[in-house]
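Reviewing the structure listed below.
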Amino acid sequence: MSGVTDDLVGRVVVVTGGSKGIGRGIARYLAGRGARLVVSARGKEALDFLSAELDDLGASHVALAADAADRDASFARVDEVIAAYGTVE
């Protein structure tokens, strides 16, 4: 897997369901590889906890409380991501 870490540095990655379980693990993994993260989850309290963890890791991130099943809200989140980072990978 050589080159994987370099490929993620500065990339904007969206992780839905990022506050718990596999999503949380993926968010932390990507943060450790230098990705700029957008993490979303329905539960604000758990999302705030993850955001604090990402702050401690020095990860560039935006945490958004949202339900990925809500189509209109998902499009609104994309607009927020583009406003924050200018792109989505």
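Every value quoted in this text rests on a predicted model; they were computed, and no experiment measured them.
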Nearest-0.5 Å distance that lies between atom [atom1] in [X] and atom [atom2] in [Y]:
| X | Y | atom1 | atom2 | result |
| --- | --- | --- | --- | --- |
| Arg77 | Asp72 | CZ | CG | 10.5 Å |
| Asp67 | Ser74 | CG | OG | 7.5 Å |
| Asp70 | Arg42 | CG | CZ | 11.5 Å |
| Asp56 | Ser51 | CG | OG | 9.5 Å |
| Lys44 | Ser19 | NZ | OG | 11.5 Å |

Are [X] and [Y] side-chain neighbours, meaning at least one heavy-atom pair lies under 4.5 Å?
| X | Y | result |
| --- | --- | --- |
| Leu50 | Arg28 | yes |
| Thr87 | Ile82 | no |
| Leu37 | Val62 | no |
| Leu8 | Leu30 | yes |

Donor-acceptor pair, Arg36 side chain versus Gly10 backbone, under 3.5 Å?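 Yes; judged by distance alone, with no hydrogens or angles, the pair exists.
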Before you tell me yes or no, could you show the steps for Val13 and Val38 under side-chain contact (heavy atoms from CB on, under 4.5 Å), namely the whole-Å CA-CA distance, both residues' side-chain angles and the distance that decides it to 0.1 Å? CA-CA 6 Å; Val13 181; Val38 179; over 6 Å; no
Nearest heavy-atom pair of Ala59 and Ala31: which atoms, and what distance? CB-CB, 3.6 Å
Shortest non-hydrogen contact from Leu47 to Ala63? CG-CB, 3.9 Å
Set out, in order, the CA-CA distance, both residues' side-chain angles and the distance that settles side-chain contact (heavy atoms from CB on, under 4.5 Å) for Arg24 and Val15, then state yes or no. CA-CA 8 Å; Arg24 180 175 167 265; Val15 180; over 6 Å; no
Common cluster, Tyr29/Val12, ILVMFWY with side-chain heavy-atom separation under 4.5 Å: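 Not linked; separate clusters.
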With the 4.5 Å side-chain cut-off for hydrophobic clustering, are Val88 and Ile26 part of the same group?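 Each belongs to a different hydrophobic cluster.
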Apply side-chain contact (heavy atoms from CB on, under 4.5 Å) to Leu64 and Val39, showing your working. CA-CA 6 Å; Leu64 304 170; Val39 291; over 6 Å; no
Does the side-chain contact (heavy atoms from CB on, under 4.5 Å) test come out yes or no for Arg33 and Arg11, once each step is laid out? CA-CA 10 Å; Arg33 300 307 179 267; Arg11 296 279 185 140; over 6 Å; no
When you look at CZ of Phe49, are more than 12 heavy atoms from neighbouring residues, nucleotides or ligands closer to it than 6.0 Å? no
